[in-house]
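Structure first, then comments.
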Amino acid sequence: MKNIFIVLFIILGSRPVFAQRAVTQQLGTLAAITFPDTPKMKKTAKGFYYFFENKGVEYMASVGSWSSGPFDDFTHDLPDTAYASLVREITAFPGARLFYKRKIKIDKLNGVEYGFVSQADSMNYYRYHRALYLNNKLIIYGFNSFDSLKIDQKALNDFYATFKVILPDATAGQQTIADALFNLKTVMWAAIALLVGVLIIFAIKKLA
């Protein structure tokens, strides 16, 4: 009987951190993400920052307003503009170095994943994040740690996987007037090319 209790204690005590008391945090009306436990919240100049610390790793998610200026609606691929601006801000940190960046799909939307290291109190501070531009907001979520070896890739991927976009018709939240015009122009050129092709075939048949 004693051995059974020991086995149960080991099994229950070694459950993943997400099995402790997972809490789903809404990021405004746009998205939601699940923390291993109740996150703390800080008000920022542009929005909100949520975080939970566990074994030297900070789980984080933030949502805040983002704009490149008064002509956002006339900017083609505005999410890419937002992500480029984010990278410029990152590399402006003291001793900051971006060590990877790649475009990804987040709930079928255009997002970016990146990692960088900066200096804080004479120590390296590692951050592994994803970012999503949506409805004039920039959402960022991931892990922060002073020790890169404490970053568990599986735990990071599990945290990433809990992120869900909850905004209806979210695709429209990444599109601008410029995108609509660009798509219309693409369709028009395709139609013209098709028409020219039909006319050429018709002319060839006439001459044959």
Side-chain angles (χ1 to χ4, degrees), residues 8-66 79 82-83 86-87 89-90 93 96 98-118 120-121 123-168 170 173-174:
L8 286 173
F9 177 79
I10 292 172
I11 293 172
L12 294 174
S14 62
R15 288 180 302 171
V17 68
F18 270 85
Q20 293 175 11
R21 194 174 65 183
V23 174
T24 298
Q25 176 64 56
Q26 281 202 210
L27 305 174
T29 59
L30 304 178
I33 192 166
T34 301
F35 284 84
D37 208 327
T38 305
K40 295 179 181 178
M41 183 194 76
K42 287 182 182 178
K43 183 81 172 65
T44 65
K46 295 183 178 181
F48 295 94
Y49 183 91
Y50 304 92
F51 63 100
F52 169 75
E53 294 184 18
N54 182 64
K55 298 179 180 178
V57 174
E58 179 185 84
Y59 294 70
M60 62 76 59
S62 68
V63 57
S65 300
W66 185 90
Y83 304 145
L86 176 62
V87 168
E89 289 182 21
I90 288 169
F93 288 176
L98 188 76
F99 51 81
Y100 85 93
K101 172 179 169 285
R102 67 188 181 100
K103 292 182 178 181
I104 59 170
K105 288 291 184 181
I106 300 175
D107 275 4
K108 300 181 181 179
L109 301 172
N110 296 323
V112 68
E113 183 178 290
Y114 59 92
F116 73 102
V117 58
S118 62
D121 298 326
M123 296 176 64
N124 286 334
Y125 196 44
Y126 297 88
R127 312 185 204 214
Y128 299 78
H129 294 170
R130 286 183 175 179
L132 180 69
Y133 170 84
L134 188 60
N135 262 26
N136 302 315
K137 296 284 195 299
L138 191 61
I139 301 170
I140 300 171
Y141 57 101
F143 277 12
N144 300 331
S145 178
F146 280 106
D147 186 352
S148 63
L149 296 179
K150 288 188 176 181
I151 300 294
D152 182 334
Q153 189 62 48
K154 183 182 183 304
L156 177 60
N157 289 339
D158 288 345
F159 186 53
Y160 282 158
T162 69
F163 180 85
K164 303 295 178 188
V165 173
I166 59 176
L167 179 73
Q174 289 196 320

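What you are looking at is a predicted structure, and each value in this text was computed from that prediction instead of being measured. What you see below is based on every heavy atom in this structure, not just the backbone, and it leaves out hydrogens, waters and symmetry mates.
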Notebook entry, point to check: Does the ring-ring contact (aromatic ring centres under 6.0 Å, His included) test come out yes or no for Phe159 and Phe35, once each step is laid out?
Noted result: CA-CA 7 Å; Phe159 186 53; Phe35 284 84; 5.4 Å; yes
Note to self: Please enumerate all residues that pass side chain to side chain donor-acceptor pair (under 3.5 Å) together with Tyr114, with sequence neighbours excluded.
What the structure shows: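 Scan of Tyr114 (side chain to side chain donor-acceptor pair (under 3.5 Å), adjacent residues dropped) gives His129.
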Next item on the list: Using the test side chain to side chain donor-acceptor pair (under 3.5 Å), find all partners of Gln153 that sit at least two apart in sequence or belong to another chain.
Entry: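 For Gln153, the residues satisfying side chain to side chain donor-acceptor pair (under 3.5 Å) (neighbours in sequence not counted) are Asn157.
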Which heavy atom in [X] sits nearest to a heavy atom in [Y], and how many Å separate them?
{"X": "Ser145", "Y": "Gly56", "answer": "OG-O, 3.2 Å"}
{"X": "Phe99", "Y": "Val117", "answer": "CE2-N, 3.7 Å"}
{"X": "Ser148", "Y": "Tyr128", "answer": "CB-OH, 4.1 Å"}
{"X": "Tyr50", "Y": "Met41", "answer": "CE2-CG, 3.5 Å"}
{"X": "Ile104", "Y": "Val112", "answer": "CG1-N, 3.9 Å"}

Checklist line | Greater than 12 external heavy atoms within 6.0 Å of Lys55's NZ | finding: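 Counting other residues, nucleotides and ligands, NZ of Lys55 stays at 12 neighbours or fewer.
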Next item on the list: Please step through ring-ring contact (aromatic ring centres under 6.0 Å, His included) for the pair Tyr59 and Tyr141, ending with a clear verdict.
Entry: CA-CA 8 Å; Tyr59 294 70; Tyr141 57 101; over 10 Å; no
Roughly how far, to the nearest 0.5 Å, is the [atom2] atom of [Y] from the [atom1] atom of [X]?
{"X": "Phe52", "Y": "Asp37", "atom1": "CZ", "atom2": "CG", "answer": "4.5 Å"}
{"X": "Leu27", "Y": "Thr24", "atom1": "CG", "atom2": "OG1", "answer": "10.5 Å"}
{"X": "Phe143", "Y": "Glu58", "atom1": "CZ", "atom2": "CD", "answer": "10.5 Å"}
{"X": "Tyr126", "Y": "Asn144", "atom1": "OH", "atom2": "CG", "answer": "13.0 Å"}
{"X": "Asp107", "Y": "Ile166", "atom1": "CG", "atom2": "CD1", "answer": "11.0 Å"}
{"X": "Phe146", "Y": "Met123", "atom1": "CZ", "atom2": "CE", "answer": "5.5 Å"}

Item checked: Lys42 to Phe48 six-membered ring, cation-pi geometry met (6.0 Å, 45°) ->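 Geometry flag: not set, cation outside 6.0 Å or 45°.
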Margin query: side chain to side chain contact (heavy atoms under 4.5 Å, CB included) for Leu86 and Tyr133? Distances and angles first, verdict last.
Written below: CA-CA 11 Å; Leu86 176 62; Tyr133 170 84; over 6 Å; no
Next item on the list: Give me the one residue out of Ile139, Ile33, Ile140 that meets side-chain contact (heavy atoms from CB on, under 4.5 Å) with Val63.
Entry: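 The residue from Ile139, Ile33, Ile140 that satisfies side-chain contact (heavy atoms from CB on, under 4.5 Å) with Val63 turns out to be Ile139.
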Note to self: Contact between Leu132 and Tyr83 at the side-chain level, heavy atoms closer than 4.5 Å - yes or no?
What the structure shows: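 They are in side-chain contact.
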Checklist line | Side-chain touch Phe93/Phe116, heavy atoms, less than 4.5 angstrom | finding: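 Phe93 reaches Phe116 side chain to side chain.
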Next item on the list: Please collect all salt bridge (charged side-chain N to carboxylate O under 4.0 Å, His left out) contacts where either partner lies in residues 128-143, sequence neighbours excluded, each pair once.
Entry: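 Pairs touching residues 128-143 that pass the test: Glu113-Arg130.
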